[in-house]
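Nothing here was measured: the structure is a model prediction, and the numbers come from that model. Basis for what follows: all heavy atoms, side chains included, without hydrogens, waters or symmetry-related copies.
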Amino acid sequence: MPVSKLLAVTAAVNLALALPAYADKISDCAEEGHCDEYQVVTADVMQSPLTVVTDPKLPRQPLPAFDGSGFLRTIPGFNVIRKGGAGGDITLRGMAGSRVNIVNDGQQVGGTCGGRMDPPTNYISPDTYERVEVIKGPQTVKYGPVGSAGTVLFERDHFGLTEKGTEGRASMTFGSFERKDYAMELITGTPDHYWRIDANHSESDDFEDGNGDTMQSSYDRDSFHTAIGWTPDADSVLELSYGFSSGSAEYADRANKARQIDNENATLLARTGSQLDWLKMVEFQAYWNQNDHIMDQFDKPDNTAPGANPRRTNVGGHLWFELTPSDNWELLVGIDYLDSTQDMRNGLSLDELLGNAFEDVYSKENLGLLLESDWQVGPGKVVAGARYDRYEQTLLGSWSGANKVNERTENLVSGFGRYEWLLEQHQLYAGVGYAQRIADYWEIMKSGKNLTLDPEQTTQLDMGWIYQGPVELSASLFYADIQDYILIDNNSMPSARNVDATLWGGELGASYRFAQYFKLTTTVAYTHGDNDTDKVALGQISPLEGRVALDYENDNWAFGALWRLVDNQDRVAVGQGNIVGQDLGETAGFGVLSLNGAWKHGEAIRLSFGIDNLFDKAYAEHVSKAGSGNDMLPPEERTVRVNEPGRNAWVRLDYNF
């Protein structure tokens with residue numbers, strides 16, 4: 001049976017079973033309070049309109065890469081464009097790059113590499129965060145320039161202990177291909193003061209695909225974060241934090257290696273509640289971060305290619321006021337700012353590169369004003385927002401030249417509105433969002449280093465239904481009309497140009513329990529994209545995908561199986577796509593089976609384990625980067641795409657104290 005039919009049948013069967021058979025069944029394990037305490041996460045089902053919130057500290061399958069991109073692939077709608085073991089680029093509903101707004105605990109963090117070795121998620125170690133929240137579509141204006149595809153928030157807690165003492169957590173992960181992860185968290189203090197430390201290390205050798213061929217993909221990364229805070233009351237905090245990370249990586253889609261992928265950041269956060277009836281909260285945050293990256297081929301014999309050291313420095317912050325004009329109305333008024341500068345140096349040897357001075361090549365400055373409102377109306381609420389952004393972009397140094405537009409100012413407007421109807425265990429919602437997005441650094445490079453691309457304009461309709469009871473169901477649909485979509489087309493020069501495009505699709509999730517100890521979860525995601533200008537398919541759109549997970553939990557043990565099904569993709573536009581990659585051709589469907597288990601000892605110890613890709617399937621994602629251009633691999637091991645890992649066994653130990 002074709003994969004697409006299997007997915008359709010699976011979804012229909014699950015919905016048919018879930019609705020009548022278990023609508024009034026209350027699971028014994030839910031009453032006992034031990035459900036899902038230590039199961040391995042294989043799929044996250046949406047539980048509030050357009051929003052998925054998940055715990056990044058829980059074990060997940062497939063075993064995530066050490067960075068944010070590998071983590072997000074368990075959420076329906078996301079895919080990862082693989083380049084190796086590190087630096088994967090996420091796509092959400094077929095959109096990639098700056099169309100997905102990544103917010104690192106309040107900070108805007110930008111990559112540096114022209115070839116996207118270090119997307120923003122590459123600097124995020126999910127294990128050191130308390131929460132990851134995904135908001136799909138242009139349905140918030142709060143977190144800086146609006147992500148037309150969505151917004152992803154990696155968030156830490158900023159409150160101390162309820163009583164004097166020390167608590168923490170440590171974890172270790174070991175897996176195939178010499179995978180080793182170590183993480184430690186410690187917080188000590190009193191209800192008034194706290195000191196927090198997070199440290200993380202991750203490394204892996206090259207992995208092998210299902211054919212036993214080596215995919216150049218080794219990496220290592222060390223990260224450290226510390227914060228000191230003062231919490232004078234339950235609604236107030238003053239925190240100063242500092243973090244850094246350092247790593248390196250090799251990739252299967254290119255000859256260059258990432259000799260250095262470093263980050264340093266500092267943040268000041270102040271939040272306080274108010275005794276005034278009309279003012280609920282004031283929050284101020286200021287931050288500085290810098291990404292420093294070196295890429296080269298200096299280790300290759302007879303190398304003549306120069307190395308490069310791009311660097312990105314961001315300075316920004318926000319000021320928010322949460323107002324309560326009435327008992328049923330909350331209003332957020334805010335302003336945010338970002339100043340970002342890209343500089344670079346080059347050299348024919350490492351010594352020459354490090355001895356040269358940096359040259360500024362690009363800068364952008366953004367000032368944003370925003371309003372976001374939550375108004376209770378009858379059995380539901382109206383959530384709406386509007387945002388104004390003033391952008392200034394400048395090409396500097398060798399990037400600016402004769403006959404080029406090298407300075408540009410844009411005034412952009414974005415906004416959204418949706419109604420959420422709440423009725424007992426049901427949530428129904430419908431909303432419209434509009435986002436304007438200016439060309440980013442990578443798109444400007446593809447345009448011939450010229451500020452001539454028109455801003456993208458996305459108008460998107462989102463609607464859906466969520467049922468939360470003994471059975472959990474969610475269904476979401478979207479339709480996006482994108483004017484002046486910035487297409488990367490390798491068939492033309494320059495390769496970046498504006499077209500009109502249409503995207504539509506949605507996600508479906510069902511989760512329910514049966515026979516007391518079993519849980520079945522199904523998710524399906526689909527996106528359809530059209531390049532309306534060229535009358536062809538829109539490039540780099542992942543095909544229909546589904547997951548079926550069966551979990552068993554009893555006493556201190558849990559076991560699970562995950563079957564991931566991906567359809568073939570024959571709607572392609574060879575050579576066209578986004579800043580991350582372009583279509584290489586049609587792809588076949590595939591199915592991958594994985595197993596997992598977990599054992600818990602009291603509240604302190606959890607041991608989880610699994611085998612990803614149990615049958616050692618050789619396959620690649622449709623949105624994968626090209627692997628054939630890598631001349632560092634023997635010819636017999638080069639692939640058209642970067643294949644996914646073969647069979648991968650892993651074990652993880654978590655200890656809370």
Would a distance-only check, ignoring hydrogens and angles, find a side-chain to backbone donor-acceptor pair under 3.5 Å from Thr231 to Pro191?
yes
Under the side-chain hydrogen bond (donor to acceptor under 3.5 Å, both in side chains) test, residues paired with Tyr479 that sit two or more places apart:
none
The complete set of salt bridge (charged side-chain N to carboxylate O under 4.0 Å, His left out) pairs with one or both residues in residues 457-467, sequence neighbours excluded, reads Arg93-Asp462
Enumerate the residue pairs fulfilling salt bridge (charged side-chain N to carboxylate O under 4.0 Å, His left out) with a member in residues 101-110, sequence neighbours excluded, ordered by first and then second residue.
none
List in chain and number order the residues that pass side-chain contact (heavy atoms from CB on, under 4.5 Å) with Ser363, two or more places apart in sequence or in another chain; answer none if no residue qualifies.
Thr341, Thr394, Leu396
Looking at residues at least two apart in the chain, or sitting in another chain, which of them share a salt bridge (Lys or Arg N to Asp or Glu O under 4.0 Å) with Arg387?
Asp336, Asp389
With Asp44, which residues qualify under side-chain contact (heavy atoms from CB on, under 4.5 Å), at least two apart?
Val41, Val52, Thr54, Arg60, Thr74, Ile75
What residues form a side-chain contact (heavy atoms from CB on, under 4.5 Å) with Leu422, not counting sequence neighbours?
Gln427
Any salt bridge (charged side-chain N to carboxylate O under 4.0 Å, His left out) pairs touching residues 429-439, not counting sequence neighbours?
Arg437-Asp440, Arg437-Glu443, Arg437-Glu456
Residues passing the side-chain hydrogen bond (donor to acceptor under 3.5 Å, both in side chains) test with Lys364, sequence neighbours excluded, are none
Would you find a donor on one side and an acceptor on the other, under 3.5 Å apart, between the side chain of Thr527 and the backbone of Gly77?
no
Please list, chain by chain and in numerical order, all residues satisfying side-chain contact (heavy atoms from CB on, under 4.5 Å) with Asn531, sequence neighbours excluded.
Leu487, Val499, Thr533, Asp534, Val536, Leu538, Gln576
Any salt bridge (charged side-chain N to carboxylate O under 4.0 Å, His left out) pairs touching residues 123-134, not counting sequence neighbours?
Lys57-Glu130, Asp127-Arg169, Asp127-Arg652, Glu130-Arg196, Arg131-Glu155, Arg131-Asp157
Applying side-chain hydrogen bond (donor to acceptor under 3.5 Å, both in side chains) to Gln290 and not counting sequence neighbours gives Thr313
